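This is a predicted model, so every value here is computed, not measured. Proteins come first, then strands; the chains are lettered A, B, ... in the order of their sequence lines, and each starts at number 1.
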2 protein chains.
Amino acid sequence: MAEPIRLSKRDAARRENEARILAAAEKVFAEAGFGGATMQLIADMAGLPKANLHYYFATKEELYRKVVQQIFEIWLHAADSFDNAPGPVEGIGAYIDAKMDISRKHPFGSKVWASEVMHGAPVIQDYLETTLREWTDNRAKLIQRWVDEGKMAPIDPKHLLYMLWATTQHYADFGHQIETLNAGKPLTDRQWKAAKESVKTIILRGIGAI
Amino acid sequence: MAEPIRLSKRDAARRENEARILAAAEKVFAEAGFGGATMQLIADMAGLPKANLHYYFATKEELYRKVVQQIFEIWLHAADSFDNAPGPVEGIGAYIDAKMDISRKHPFGSKVWASEVMHGAPVIQDYLETTLREWTDNRAKLIQRWVDEGKMAPIDPKHLLYMLWATTQHYADFGHQIETLNAGKPLTDRQWKAAKESVKTIILRGIGAI
DNA sequence: TCATTTTCTGACCGTATGGTCAGGGTTGAG
DNA sequence: CTCAACCCTGACCATACGGTCAGAAAATGA
């Protein structure tokens, strides 16, 4: 908050260009995959000459890595809704809401993440083994505590987490399929709300929390 | 069944080579994506010269299309478990079993499918709009009937289907992540069984069928 | 203003890829 | 046995891609 609001032209331009490039890269990587994406396409989408991309990001891999990291951050933040909840109804309910919102707001990021993991996580394997594993263990313990306290049925926490991830991210990763099955139209606000309610209802009742 | 068991050398070789190429292609497309896969890599994995691939499959696109179609067939067959079931417990339970088995047995195929849909279904859009839409509408009607008959809670059938697809396919598409969170080891027979039970328990209770 | 640093970009390069093709080998029906 | 149809493959080609670089342009601080 004590940061200077005034940025030099250079810093402002740098910031804007990097953001522009990252946004374009996220979209292109999501739609074409790492192998199918080209620096030229990203450059065009960002409205910059290709050589300029290489000024900001030395290699395609480096740019890709930044995109994936960016998504991972957003992902982790959704966990905030999980913690400090008195029980599964509030905690898991809020987590589903948060993840569904992310799926709607950042569908490209979700796809890049999915693609990365499907290909064996070549660039974020270390994150999986450290941050994600830790995150998962902690939430699993929390869920186990809820089970022990009789707040929900005895469920294997890991499989519950997988189901939460799978179901919420499906609305981003398979959004095209869902749209096709929805008469070719994107889900409306009302439909997104219904989706969230469906997911929450089935899972919360499924784990015996309601 | 009245087919001749005797095949000419040519037919046998053709059949074997095509199968070998398709298997190699499925794996390579799954691990590298369409753009990242190379004909040379597929050829090496199939143990054939690259030029020979182009004798059997004129273009990379044609080979890819065959791989996707092959998966789609397997996918549809899982629906058999769904039909002719007296109620959701048997029908959906069997469907989950079948889809989980496919995820374990054909993880590459599942990934290729996921990748195809994530990229906007460039080669199987027509399947989505015809076969899949029809399939989905029919199952949705069946589920709605079960709801009307009071055999399960009032759930939007579409969202239930999405949850079934998402959850079961997650074990294939995100298998690497699951393996990493499982101390780097693939799920054992016992763990797969537990996964199936978890999924079935949560969903069947979640829809009020048990 | 001027020197210095940072930013920008058109033109270029080496490589890898999908695809082709001529020509040699193999198979099987008559 | 013969020969036409089919199968196979090393060598080759055009293209497209990631990345480089010299030097112009712009911003900054003194």
Side-chain angles (χ1 to χ4, degrees), chain A residues 4-22 24-68 112 115-116 119 122-123, chain B residues 4-22 24-68 112 115-116 119 122-123:
Chain A
I5 293 176
R6 244 338 191 177
L7 286 174
S8 67
K9 273 194 184 178
R10 275 183 185 162
D11 289 350
R14 163 156 240 132
R15 193 174 290 208
E16 191 194 318
N17 282 341
E18 283 181 354
R20 209 210 216 103
I21 292 168
L22 282 169
E26 182 177 294
K27 191 171 182 191
V28 173
F29 282 134
E31 289 177 347
F34 178 81
T38 71
M39 294 299 270
Q40 187 63 63
L41 210 64
I42 296 170
D44 291 347
M45 186 154 297
L48 295 169
K50 190 186 70 160
N52 208 353
L53 290 206
H54 283 98
Y55 176 75
Y56 286 104
F57 302 92
T59 67
K60 190 183 177 186
E61 278 79 6
E62 185 186 321
L63 175 55
Y64 176 74
R65 188 184 301 266
K66 284 277 162 55
V67 169
V68 175
V112 175
S115 190
E116 164 69 8
H119 295 1
V123 322
Chain B
I5 294 176
R6 243 344 192 173
L7 287 174
S8 68
K9 273 194 184 177
R10 274 184 185 159
D11 288 351
R14 161 157 241 131
R15 189 174 292 206
E16 192 195 316
N17 282 342
E18 282 181 354
R20 209 210 218 101
I21 293 168
L22 283 169
E26 183 177 294
K27 191 171 182 191
V28 173
F29 282 134
E31 290 177 346
F34 179 81
T38 71
M39 294 299 268
Q40 187 63 63
L41 210 65
I42 295 170
D44 291 348
M45 186 154 296
L48 295 169
K50 191 187 71 162
N52 207 352
L53 290 207
H54 282 98
Y55 175 74
Y56 286 104
F57 302 92
T59 66
K60 189 183 177 186
E61 277 80 5
E62 186 186 321
L63 175 54
Y64 176 75
R65 187 184 302 265
K66 283 278 163 56
V67 169
V68 175
V112 175
S115 190
E116 164 69 8
H119 296 2
V123 323

Check your understanding: B:T38 has a side chain; which of D:dC17, C:dT20, C:dG18 sits nearest to it?
Key -> C:dG18

Practice item. Considering non-hydrogen atoms only, spot the tightest contact between A:K60 and A:F34 and give its length. Key: NZ-O, 2.8 Å

Review point. What is the nucleic acid contact for A:F57, judged by heavy atoms within less than 4.0 Å: base, sugar-phosphate only, or nothing?
Key: nothing

Practice item. Describe the nucleic acid contact of B:D11 in one word from base, sugar-phosphate, nothing, applying a heavy-atom distance below 4.0 Å. Key: nothing

Check your understanding: When you check the gap from the basic side-chain N to the acidic O, do A:R65 and A:E61 get nearer than 4.0 Å?
Key -> no

Review point. With sugar-phosphate meaning primed atoms plus P, OP1 and OP2, does B:A12 contact a base, only sugar-phosphate, or nothing at under 4.0 Å between heavy atoms?
Key: nothing

Check your understanding: So what does A:E62 touch, heavy atoms closer than 4.0 Å: a base, only the sugar-phosphate, or nothing?
Key -> nothing

Review point. Base, sugar-phosphate, or nothing for B:A43, non-hydrogen atoms under 4.0 angstrom?
Key: nothing

**Study point:** Per A:N17 side chain, nearest of listed nucleotides C:dC8, D:dG18, C:dT6
**Key:** C:dC8

Point to revise | Side-chain-base donor-acceptor pair under 3.5 Å for A:R10 and C:dT5 | key: yes

**Study point:** Of the listed nucleotides D:dT9, C:dG19, C:dT7, the one nearest the side chain of A:Y55
**Key:** C:dT7

Check your understanding: If you check the B:H54 side chain, which of C:dT6, D:dG19, C:dT20 turns out closest?
Key -> C:dT20

Review point. Does B:Y56 offer a backbone N or O that forms a donor-acceptor pair with the side chain of B:E18 under 3.5 Å?
Key: no

Check your understanding: In Å and rounded to the nearest 0.5 Å, what is the CE to OG1 distance from A:M39 to A:T59?
Key -> 7.0 Å

Review point. Quick one: which of D:dT20, D:dC7, C:dC8 gets closest to the side chain of A:A51?
Key: D:dT20

Practice item. Ignoring the backbone of B:P49, work out which of D:dG10, D:dG18, C:dG19 is nearest its side chain. Key: D:dG10

Check your understanding: Between the side-chain atoms of A:K60 and the base atoms of D:dG19, is any donor-acceptor pair under 3.5 Å?
Key -> no

